[in-house]
Novice: 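The structure is given below, and queries will be raised subsequently.
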Amino acid sequence: MYKWFAAKRIVKGVVIYAIIIFILSALFNTVSETTMRSQIEEQVRLETVRLKNVTPAAIVKFQAERKNSLIRQYKLDRPIVERIVFRTIDTLTFNFGKSTTIKSSLGDRSVNAIISEAIPRSLILFTVAAAFEIAIGVFLGLKMAQKPGKSLDKSGTLITMIVYGMPVWWLAMILIMVFVYGLKLFPSGSVHSVPTPTGIMYFIDMIWHITLPLFTLLILGFWGTAFITRNIVLGILQEDYIMAARARGIPEAKVLFGHTLRTAAPPLMTIAVLGLLGSIGGAIVFEGIFSWPGIGNLYWIAVQQNDVPVLMSSLAITIGLYQMGLILLDLVYGFLDPRIKVGGKA
Amino acid sequence: MKLKDFGRALAEFWAEFRKSTSGLIGLGILVVSVLVVIFEPYALPWKETNTKWRSIDYWIDNSAGAPPAWSNLFTKLKSPETVILDAPKVETKELEGGTTEAIYTFTYKYKADKPPLDLIFHSTITGSVPVTISVMRPDGQAVDLASRFEEGLNAQNIRLSADNDGRDAAFGFMKNYASEEALQSMNSDSFRSTNILFNTATADMSTKYTPLKGDYKIIATAIVLDPTVSKVEKPYFVVTGSVSGILGTDDMKRDIFSGLVAGLKWALLIGILTSAFSVLVGVLYGIISAYYGGVVDSIMQFVYQIIVSLPVLPVLIVVSAIFKPSIWFMIAVMILFFWTGPVMTVRSMALQIKEETFIEAAKALGSNNRRIIWRHMLPILIPYSFASMALSVPGAIVYESTVSLLGLGDATIVTWGQILHDAMVGGAVLNGVYWWIIPPGLLIAIMGMTFAFLGFAMDKILHPKLQTR
């Protein structure tokens, strides 16, 4: 039963996510609490400044009381295991608290506001890039597998190996140096110009901003997909039923896109989604280089300004997105591969 | 497995491997890199790069942001290269009262079209020795640049720079020729001693630079007041040019080529150590999981699931940002993530091997589990992991450079990522300082390519299904 399979997979994903967040909360407990304590100190100081007509003794008393109540409110007076559990629950319920320095575009210091502003921008860039990568990569991979050992296959494999360990952010630096500061063809960063144009120009402006980052991701991106597609398809093309299909006189295009691609779909899907998920990791630095104000850029700023709450929350969100991607992958896999559905009840 | 079997397996492997051109290229680059690491003391132009990369004093005589020496090939006006003059002609004269005078004459062949940036004298001096430096120009004019007298030195390094200490002398020399109005119109901020020293002596020499090419005699005169206690050792001049070395300098005056050579061993170490350990752990993990099965397998698979659900780079960055780790800690964290790579393949292969008759035979002969795993299963499965070992090296190198790029690297070593971090911070992208950005990243990419060549070549041998018909 597919429903059973799906439910089981989702529950498993949530449990794993909870465990990961618990481990991370334990790992970063000390630094989170130090930040919380200094935030409490700051808040008490602010509140003291607002007080009027009070004696010094009353101020000291107020500060001590206020601090204690806040410490109790944030459960900092509990034993360590309990504190870690509370921190885990806070994270799981998206209760991230306040940043120390970073503000959202509206001047809000709530971490939720900061992150929810950043996520869509990252998603736009990386899903568009992934879509292009998959389309180009699968097509190229099929072409490579069709005539293995010929020039296209050979050069494609060679380029895949050459770009294998090339950091995409380094390519980004060079392309920015050449196209932005050298030839002055593209803007140096951000999603929109300031002031932001309206109407149709809004989208044209956005495309102008997204072109260079997208292009950078694409140059390096599709080779890996193409190579793996080639390997998968090459394996399938050696199967007997492909030979039988060819022997029946079915057109080559239909053999390739119908018979071969259908069988290759589940593993290809895996690679595509895993590639997209992998780019979530790489995005951190990539967005920083392009000043693309997504979640990756947020890491960059948070590291620079030592903003622990934003850093922790970004990590929790990133892992959450990653986890969701993995779940989605298994669900789609199960959908594409009938054997999984049948075996689901086992 | 006996040694002879191992030798034969290796010979078979080599016979297959040598058919792959890219594999051989990869092997070649790897061998060259290892040789560079072994002979690093000879390959480094700046010998103390490893320990003094972040010392300002060590790099002080270089010019900041100088392009590579070969950039002269593409420019019409040639820039002088930074040279060290350390082979003087020495003359010693006995003076009255037991003092000696030592005259060190250095010859500098000036051929460029732009003036050098500075002329710096260095010497290690003990006791009380007054030192004077002067320049004899090709046109016969002599300029007494600067002098220094410090008493009671104890083998200390003294530094006399034409640009700092010789400003007055150079200005005085210019005044002899330059016209009154030219002097008035000149901007004293942009005044540089070497612009005068290497200029043709004309009335408009204060504003116009016409190089006076030829042999310059740079003379250091040291008067050793008491030869029994005082002495002058290792006198040398640095002529700071506006181009420098094989790959130029960064804005902290550091020689980039030296930094790259010093970073090579770290890149190799990080990559190989991480991949070797993680693959070993992963293979063992897969075997144990498959061999014992049951509850052990379930628990181990669950732990595996948790680790693969973590995106490596974000976690690595946050861990580095918070714990400020050393390079060894960083390698350990990477191993913690990387071992998952071969687990699934190994597990499925080990499940098959487990059922083979020779394992049954070993059991019947009374071998314990450890012996079966180490002596019978591991040797069969390790070769299959070589490809994944090679292919995970680039990942480790790129991750370390990424973390370093964010400025979270180990500050006691030099890595390519850190050089790129300095380039980012120093505005190299904005200013188009290509010699600072392209080489480090290119080396990372070449390292990645090398191991990809090796890994893919091995993969093809070990998984014959991928072979092209």
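Chain naming here is simple, since letters A, B, ... match the order of the sequence lines and numbering starts at 1 in each.
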Novice: First locate atom CD1 of Ile437(B), then atom CD1 of Ile174(A), and finally report the distance between them rounded to the nearest 0.5 Å.
Specialist: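 The CD1 atom of Ile437(B) sits 7.0 Å away from the CD1 atom of Ile174(A).
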
Novice: Find the distance between OG (Ser314(A)) and CD1 (Ile317(B)) and round it off to the nearest 0.5 Å.
Specialist: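 Rounded to the nearest 0.5 Å, the OG-CD1 separation comes out at 11.0 Å.
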
Novice: Examine whether an atom of Val312(B) lies under 4.5 Å from a heavy atom of chain A, and if so say whether it belongs to the side chain, the backbone or both; otherwise answer neither.
Specialist: neither

Novice: Could you look at Trp169(A) and say if it's the side chain, the backbone, both or neither that has a heavy atom under 4.5 Å from chain B?
Specialist: side chain

Novice: Please check if the number of heavy atoms outside Lys147(A) that lie under 6.0 Å from its NZ is greater than 12.
Specialist: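 Not more than 12 within 6.0 Å, no.
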
Novice: Could you tell me which portion of Leu321(A) (side chain, backbone, both or neither) has an atom closer than 4.5 angstrom to a non-hydrogen atom of chain B?
Specialist: neither

Novice: Below 30° counts as parallel, above 60° as perpendicular, anything between as tilted: where do the rings of Tyr164(A) and Phe456(B) land?
Specialist: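 Taking Phe456(B) first and then Tyr164(A), their aromatic rings stand perpendicular (interplane angle over 60°).
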
Novice: Run Leu158(A) and Phe453(B) through side-chain contact (heavy atoms from CB on, under 4.5 Å) and show every step you take.
Specialist: CA-CA 9 Å; Leu158(A) 187 69; Phe453(B) 278 167; 4.0 Å; yes

Novice: Using modelled atom types and a 3.5 Å cut-off, is there a donor and acceptor pairing between side-chain atoms of Trp170(A) and backbone atoms of Leu420(B)?
Specialist: no

Novice: Under a 4.5 Å heavy-atom cut-off, does chain A meet the side chain of Val315(B), its backbone, both or neither?
Specialist: both

Novice: Could you have a look at Leu326(A), Val180(A), Ile162(A) and say which one has the most heavy-atom pairs with chain B under 4.5 angstrom?
Specialist: Ile162(A)

Novice: Can you see which heavy atom on Gln305(B) is nearest to which on Ile16(A), and at what distance?
Specialist: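 Gln305(B) and Ile16(A) have their closest heavy atoms at CB-CD1, 3.8 Å.
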
Novice: Can you tell me how far apart CE (Met173(A)) and CD1 (Ile438(B)) are? Round to the nearest 0.5 Å.
Specialist: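 Taking CE in Met173(A) and CD1 in Ile438(B), the distance rounds to 10.5 Å.
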
Novice: Can you tell which part of Tyr434(B) gets under 4.5 Å to a heavy atom of chain A, answering side chain, backbone, both or neither?
Specialist: both

Novice: Just how far is it from atom CE of Met449(B) to atom CD1 of Ile159(A), taken to the nearest 0.5 Å?
Specialist: 12.5 Å

Novice: Under a 4.5 Å heavy-atom cutoff, which of Thr450(B), Val433(B), Leu310(B) has the most pairs with chain A?
Specialist: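 Answer, by heavy-atom pair count under 4.5 Å with chain A: Leu310(B).
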
Novice: Given that the side chain runs from C-beta out, which part of Leu406(B) has a heavy atom under 4.5 Å from chain A: side chain, backbone, both or neither?
Specialist: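 The answer is both parts of Leu406(B).
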
Novice: Among Thr402(B), Ile446(B), Leu408(B), which residue forms the greatest number of heavy-atom pairs with chain A at distances under 4.5 Å?
Specialist: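 The residue among Thr402(B), Ile446(B), Leu408(B) with the greatest pair count is Thr402(B).
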
Novice: Sort Ile20(A) into side chain, backbone, both or neither according to what part of it lies under 4.5 angstrom from a heavy atom of chain B.
Specialist: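 Side chain of Ile20(A) only, per the 4.5 Å heavy-atom cut-off to chain B.
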
Novice: Rounded to the nearest 0.5 Å, how far does CD1 of Ile19(A) lie from CD1 of Ile306(B)?
Specialist: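 One gets 4.0 Å once the value is rounded to the nearest 0.5 Å.
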
Novice: What residue in Asn431(B), Leu391(B), Ile307(B) has the most heavy-atom pairs under 4.5 Å with chain A?
Specialist: Leu391(B)

Novice: If you count heavy-atom pairs within less than 4.5 Å of chain A, which of Ser22(B), Ser309(B), Pro440(B) leads?
Specialist: Ser309(B)

Novice: If you take all heavy atoms of Tyr322(A) and Val308(B), which pair is closest and at what distance?
Specialist: CE2-O, 3.6 Å

Novice: Sort Ile319(A) into side chain, backbone, both or neither according to what part of it lies under 4.5 angstrom from a heavy atom of chain B.
Specialist: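 Contact with chain B is through both the backbone and side chain of Ile319(A).
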
Novice: For chain B, find which of Leu311(A), Val308(A), Leu315(A) contributes the most heavy-atom pairs closer than 4.5 angstrom.
Specialist: Leu315(A)

Novice: How close do Phe323(B) and Leu27(A) get, heavy atom to heavy atom, and via which atoms?
Specialist: CZ-O, 3.6 Å

Novice: Could you look at Leu442(B) and say if it's the side chain, the backbone, both or neither that has a heavy atom under 4.5 Å from chain A?
Specialist: both

Novice: To the nearest 0.5 Å, tell me how far Ile289(A) CD1 sits from Leu405(B) CG.
Specialist: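 Result: 5.0 Å between the selected atoms.
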
Novice: Identify which of Ala423(B), Gly448(B), Ala321(B), Ala445(B) forms the greatest number of heavy-atom pairs closer than 4.5 Å to chain A.
Specialist: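 Most heavy-atom pairs within the cutoff with chain A belong to Ala445(B).
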
Novice: Given heavy-atom pairs under 4.5 angstrom as the criterion, report whether the side chain, backbone, both or neither of Val393(B) touches chain A.
Specialist: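 Neither; nothing under 4.5 Å.
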
Novice: Taking all atoms of both residues into account, what is the closest heavy-atom pair of Gly441(B) and Pro167(A), and its distance?
Specialist: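 The answer is O-CD, 4.4 Å.
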
Novice: Can you tell me which portion of Tyr17(A) sits under 4.5 Å from chain B's heavy atoms? Options are side chain, backbone, both or neither.
Specialist: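 Contact with chain B: none, neither part.
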
Novice: What part of Ser401(B) gets closer than 4.5 Å to chain A, counting heavy atoms only: side chain, backbone, both or neither?
Specialist: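 Contact with chain A: backbone and side chain both.
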
Novice: If I measure from the heavy atoms of chain A, does Phe302(B) come under 4.5 Å with its side chain, its backbone, both, or neither?
Specialist: side chain

